[in-house]
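Worksheet: one structure, shown below.
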Amino acid sequence: MIRGMFRGCGHSPGALTPEDQAAIDQFHAILNAVRHPQAWTPVHRQNVAVRVGPFIERAHTRPGDDGGTKVIAVALVHPDAPNGAAYLHGRQLGYTDRGWLRCKTTAILGAWQPAYAMLTHAAAGLPLPEDVGVPPPHYAVDVEARESDGSGFTFLRLGPYTQTWLASRDADRLNTELEGQAATVVPRFVITAKCVPFDFGDRESYSDPYRTDVTALLAAAVAGVSE
């Protein structure tokens, strides 16, 4: 049946051109990749194939999310990355601005294979949809000053964190730092650091916890509040 599909493309009746054969070989490679995905493991950084609607996309993995094995952090990448043209094409199609995403391991078909490239949005010349079915990391740490009646304000926001245990660790570090100085930062207010959902609609108000030591960020924020 496949031979009949491509026979009309040949330059002589009944013969397959090199182009026809290449197309058939490519189809067989795609079919084999989908039917026989290669095993992968969440504990190693590697490229995997992730289902995004009817398409299959390439993604980098980062081990762990929520401290379990059912959800892993991934970043969608253009199938031809890292070459420069692919980077520019990826920006146009929405690959590069999404950052790390929280992906259920059940959405991962297997290790990435080159044959999957023809099944991506990039190969179809289509941008990634706004909702790729994989939510972004949504953890943050807020340092709040509260009065006894619950009123108050937030003077430091950190995030986004890609794993809950990292956010909890930093919240604990900040609370330890605050124990000896909380009463003098804002008189009559109780100062606490706590884990909260990350608000992507207000991302400008957050400090990146991965670029600067969080205790240094706290010291700068405390100095600003105390002035």
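Remember, it's a predicted structure, so these values are computed and weren't measured experimentally. Keep in mind that the numbers below use all heavy atoms, side chains included, and drop hydrogens, waters and symmetry copies.
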### Summary
Note: Ala140 and Ala167 closest approach over all heavy atoms is O-CB, 4.3 Å

### Message
On a heavy-atom basis, which atom in His121 and which in Pro129 lie closest, and how many Å separate them?
### Response
NE2-CD, 3.5 Å

### Message
Between Asn47 and His60, is there a side-chain heavy-atom distance shorter than 4.5 Å?
### Response
yes

### Task
Decide whether Val52 and Val77 are clustered together by the hydrophobic rule: side chain heavy atoms of Ile, Leu, Val, Met, Phe, Trp, Tyr closer than 4.5 Å, transitively.
no

### Message
Less than 4.0 angstrom from a charged side-chain N to a carboxylate O is my criterion; do Asp213 and Arg173 meet it?
### Response
yes

### Query
Should His78 and His89 count as side-chain neighbours, where that means a heavy-atom distance under 4.5 Å?
yes

### Message
To check you understand the geometry: which heavy-atom pair defines the closest contact between Ala124 and Phe55, and what is its length?
### Response
CB-CE2, 4.1 Å

### Query
Which value, rounded to the nearest 0.5 Å, describes the distance between Leu93 atom CG and Leu126 atom CG?
8.0 Å

#### Entry: From CA spacing to verdict: side chain to side chain contact (heavy atoms under 4.5 Å, CB included), Glu144, Ile191
CA-CA 6 Å; Glu144 299 179 340; Ile191 313 298; over 6 Å; no

#### Entry: Leu156 vs Asp142 side-chain heavy atoms within contact, under 4.5 Å
no

### Message
Does any part of the side chain of Leu158, heavy atoms only, come nearer than 4.5 Å to the side chain of Tyr139, both counted from C-beta?
### Response
no

### Leu174 vs Val214 side-chain heavy atoms within contact, under 4.5 Å
yes

### Query
If you round to the nearest 0.5 Å, how far is CH2 of Trp165 from CG of Asp172?
12.0 Å

### Message
Working to the nearest 0.5 angstrom, can you tell me the gap between Leu88 CG and Arg91 CZ?
### Response
8.5 Å

### Query
Do Phe198 and Tyr161 have ring centres separated by under 6.0 Å?
no

### Message
Please report the interatomic distance CZ(Arg188) to CD(Glu147), rounded to the nearest 0.5 Å.
### Response
6.0 Å

### N/O donor-acceptor pair under 3.5 Å between Asn175 side chain and Thr192 backbone
no

### Query
Got Leu166 and Tyr210 here, is their nearest side-chain heavy-atom distance under 4.5 Å?
yes

### Query
Below 4.5 Å, heavy atoms only, C-beta onward: do Val141 and Pro209 meet side chain to side chain?
no

### Query
Looking at side-chain heavy atoms only, is the closest gap between Val48 and Trp40 below 4.5 Å?
yes

#### Entry: Nearest-0.5 Å distance, CG of residue Leu128 to OH of residue Tyr95
4.5 Å

### Query
Do Leu217 and Leu178 share a hydrophobic cluster (ILVMFWY, side-chain heavy atoms under 4.5 Å, transitive)?
yes

### Task
Return yes if some donor-acceptor pair links the side-chain N/O of Arg157 with the main-chain N/O of Tyr206 below 3.5 Å, else return no.
no

### Message
Any side-chain to backbone donor/acceptor pair from Gln46 onto Ala111? Under 3.5 Å, distance only.
### Response
no

### Task
Work out which heavy atom in Val71 is nearest to a heavy atom in Thr105; give both atom names and the distance.
N-CG2, 4.3 Å

### Query
Atom OG of Ser151 and atom CZ of Phe189: how far apart are they, to the nearest 0.5 Å?
6.0 Å

### Message
Checking side-chain contact (heavy atoms from CB on, under 4.5 Å) between Glu57 and each of Val74, Val132, Thr120, which is the one that passes?
### Response
Thr120

### Message
For Arg146, is the CZ atom crowded, meaning more than 12 foreign heavy atoms sit under 6.0 Å from it?
### Response
yes

### Query
Taking all atoms of both residues into account, what is the closest heavy-atom pair of Leu109 and Ile56, and its distance?
CD2-CD1, 3.7 Å

### Query
Cys103 and Val50: which non-hydrogen atoms are nearest, and at how many Å?
SG-CG1, 4.1 Å

